[in-house]
Amino acid sequence: MLDPALLRTQLDDTARRLAARGFALQTSVLNGWESERKKVQTETQELQNLRNTRSKAIGIAKARGEETAALMAEVAGLGDRLKANEQRLADIQAKMAEIALGIPNLPAADVPEGADETGNVEADRWGTPRTFDFAVRDHVELGAREGMLDAEAGARLSGARFTVLRGGIARLHRALAQFMLDLHTREHGYVECNVPLLVNPEAMQGTGQLPKFEEDLFQVPFGEGLRYLIPTAEVALTNLVREQILEAGALPLRMTAHTPCFRAEAGSGGRDLRGMIRQHQFEKVELVSIVRPGDSAAEHERMTRCAEVVLEKLGLPYRRMLLCAGDMGFAAAKTYDLEVWLPSQNTYREISSCSDCTDFQARRMQARWRNQDTGKPELVHTLNGSGVAVGRALVAVMENYQNRDGSITVPDVLRPYLDGCERV
RNA sequence: GGAGAGGUGGCAGAGUGGUCGAAUGCGCCGGACUCGAAAUCCGGUUUACGGUUCUUCCGUAACGUGGGUUCGAAUCCCACCCUCUCCGCCA
């Protein structure tokens, strides 16, 4: 959520900045509600003040044993007027909150213009794609051996976009997740967390999945209410600080978790149907940082590096893309995507996305820290990044490390997790 | 799943219809005393929103959440959520 003050005092400028990411802010609608709100709120508060002072007077009179009938007559009918005003005010505020919750974050100043992924800018590139002296297979062909990667079995159990892993590939997949978790906890200072996979609607609203993107989520009936399966551990990790006031010494707070992620993939029909690039269920090692407002830009660079180190240690060529305004996610002010080289597609494909969400999620969650200089609680900044997507990392390892005979060489850093096994 | 207890400010803990945003203690911040510290004493110490003569003052709201009763609710009524204890079940 944006600072409400921006919508009141710098509406046109805010609208211009949002237009850069393709969002049309309804300024005249907002202005209309705002002036109405001001009027009704002032009236309501005056009525409340009247009620309070009169009620207090009645209390005093009674304590003195005086007659209160005259005072009581004075407030007759006030309650109904007040109730009507309060209801009207609540309606207006709910309407304005609904609008505010649907407005995306403002792009940072150094985010390039652009409407879609063609506007993204390559910021860095690492590694050289390997040249093969045989016909490369994609991960689907490579995984077909011994049914180690079995989409048909997944479909039988759950439908399209679900995959069963077995044997060496299943182990490799687990090794990848464990390697990433160990790297981030041992060398990058992140605290390993184990979090709920089902969260309530408030959590989803906190990180920005709700109210606008409900169709992307799986929901689960739960008692009288409902829960949602997390589409990323970002939701659980970031919401750990919701409605908290953190001491300055607790920041930066760096957390990581390895979880399954569930995405309905509404609207992605037909894209990446083959293989496990795009699944309804996949695993990811997520990084989340909670920092002081002044530190988020530097933390963003640091976090992205943490994700890049994963790929470097795995020996996977990648490039870093700075996303343009039009291609960023709802909550992000600035995003780097890491794209890994996939030989079968002869191109780079997204494997990580690291975003600085500034105070956007913090405001929705009311996540704050106590600023020692001011003594006041102030909103924190939140960042999240994939470090990295495990399923896609598996695809990348399989394809980049494939051998002529269809076997896959295990990257050095993963061998300790596979009892020293050199190929699967 | 069954039975019971309870949710009040950073913490502990009073308050069961009326000048209660809320006693008291602890903690924290500032000051006095001291060579310095401890102890002691004095003062201060929630958050959000709105207005404003906009680093000032005023107002409103908040005692788990949401409703209700009332001129007036932390206090009474209803529903829900959560926590704790015991029993059962279970990985």
Side-chain angles (χ1 to χ4, degrees), chain A residues 1-11 30-101 194-206 220-228 239-251 260 359 361-380:
Chain A
M1 200 157 65
L2 300 182
D3 184 347
L6 286 177
L7 299 178
R8 278 204 300 273
T9 62
Q10 300 172 45
L11 188 58
L30 270 169
N31 264 330
W33 283 111
E34 169 58 15
S35 59
E36 181 71 0
R37 188 227 94 225
K38 189 177 281 192
K39 177 171 145 274
V40 175
Q41 181 161 348
T42 306
E43 282 175 15
T44 304
Q45 293 191 350
E46 280 168 2
L47 285 172
Q48 287 171 327
N49 184 232
L50 187 63
R51 179 203 59 197
N52 290 348
T53 51
R54 288 305 125 101
S55 292
K56 195 163 280 187
I58 291 171
I60 294 171
K62 280 207 165 174
R64 290 179 183 153
E66 295 168 2
E67 183 54 55
T68 56
L71 284 166
M72 302 279 269
E74 240 184 292
V75 289
L78 198 149
D80 289 341
R81 281 174 63 205
L82 184 54
K83 196 160 282 184
N85 262 276
E86 284 175 337
Q87 187 56 52
R88 175 79 182 127
L89 180 61
D91 290 346
I92 293 168
Q93 286 177 328
K95 184 67 195 166
M96 293 184 78
E98 185 190 319
I99 294 171
L101 284 170
N194 190 284
V195 294
L197 306 180
L198 284 169
V199 301
N200 57 34
E202 290 75 20
M204 285 296 181
Q205 179 172 296
V220 179
F222 192 92
E224 297 297 301
L226 80 166
R227 299 288 186 273
Y228 294 93
N239 274 285
L240 286 174
V241 297
R242 94 177 277 113
E243 289 165 31
Q244 302 289 304
I245 299 176
L246 304 164
E247 291 308 321
L251 303 177
D359 62 10
Q361 295 177 324
R363 186 171 291 106
R364 288 168 162 251
M365 297 189 298
Q366 280 305 300
R368 294 166 294 172
W369 69 296
R370 194 168 294 278
N371 185 339
Q372 300 294 17
D373 295 335
T374 63
K376 295 291 181 185
E378 297 173 11
L379 295 171
V380 296

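Here the structure is a predicted model, which is why all the values come from computation and not from measurement. All values below were derived from every heavy atom in this structure, side-chain atoms included, with hydrogens, water molecules and symmetry-related copies excluded. Every chain is numbered from 1, with letters handed out A, B, ... down the list of sequences.
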- Task: Rounded to the nearest angstrom, tell me the gap between atom NZ in A/K62 and atom P in B/C71.
- Result: 10 Å

- Item | hbond_proxy A/K56 side chain to B/G18 base (donor-acceptor, 3.5 Å cutoff) | no

- Message: Any salt bridge linking A/R88 with A/E36? Criterion: basic side-chain nitrogen under 4.0 Å from a carboxylate oxygen.
- Response: yes

- Message: Let me spell it out: for each of A/Q93 and A/E86, pick the nucleotide of RNA chain B with the closest heavy atom. Which residue's pick is nearer the 5' end?
- Response: A/Q93

- Query: OP1 or OP2 of B/U60 less than 4.0 angstrom from a side-chain nitrogen or oxygen of A/N52, does that happen here?
  - Reply: yes

- Item | Opposite nucleotide pairing with B/G17, Watson-Crick or G-U, both atom distances under 3.5 Å | none

- side-chain N/O A/R37 vs B/C49 OP1/OP2, d < 4.0 Å: no

- Task: Identify, between A/R64 and A/Q45, the residue whose nearest nucleotide on RNA chain B lies closer to the 5' end.
- Result: A/R64

- Message: Only pairs with both distances under 3.5 Å count, Watson-Crick or wobble alike; so what is the partner of B/C41 in this structure?
- Response: B/G31

- Partner nucleotide, any strand, of B/U85 [Watson-Crick/G-U, under 3.5 Å]: B/A3

- Query: Mind checking who B/A48 pairs with, Watson-Crick or G-U wobble, both distances under 3.5 Å?
  - Reply: B/U60

- Task: Among B/U69, B/U47, B/G18, find the nucleotide with the atom closest to the side chain of A/K83.
- Result: B/U69

- Rounded distance [0.5 Å steps], CD in A/Q205 versus CG in A/N200: 10.5 Å

- Query: For B/U47, does OP1 or OP2 lie under 4.0 Å from any side-chain N or O of A/R370?
  - Reply: yes

- Is a salt bridge present between A/R37 and A/E34, judged by a nitrogen-to-oxygen distance below 4.0 Å? yes

- Item | Below 4.0 Å: OP1/OP2 of B/U60 and any side-chain N or O of A/N49 | yes

- Nearest heavy-atom pair of A/R363 and A/D3: which atoms, and what distance? NH1-N, 3.1 Å

- Task: Tell me the partner of B/C76, counting only Watson-Crick (N1-N3 plus N6-O4 or O6-N4) or G-U wobble (N1-O2 and O6-N3) with both under 3.5 Å; none if nothing fits.
- Result: B/G68

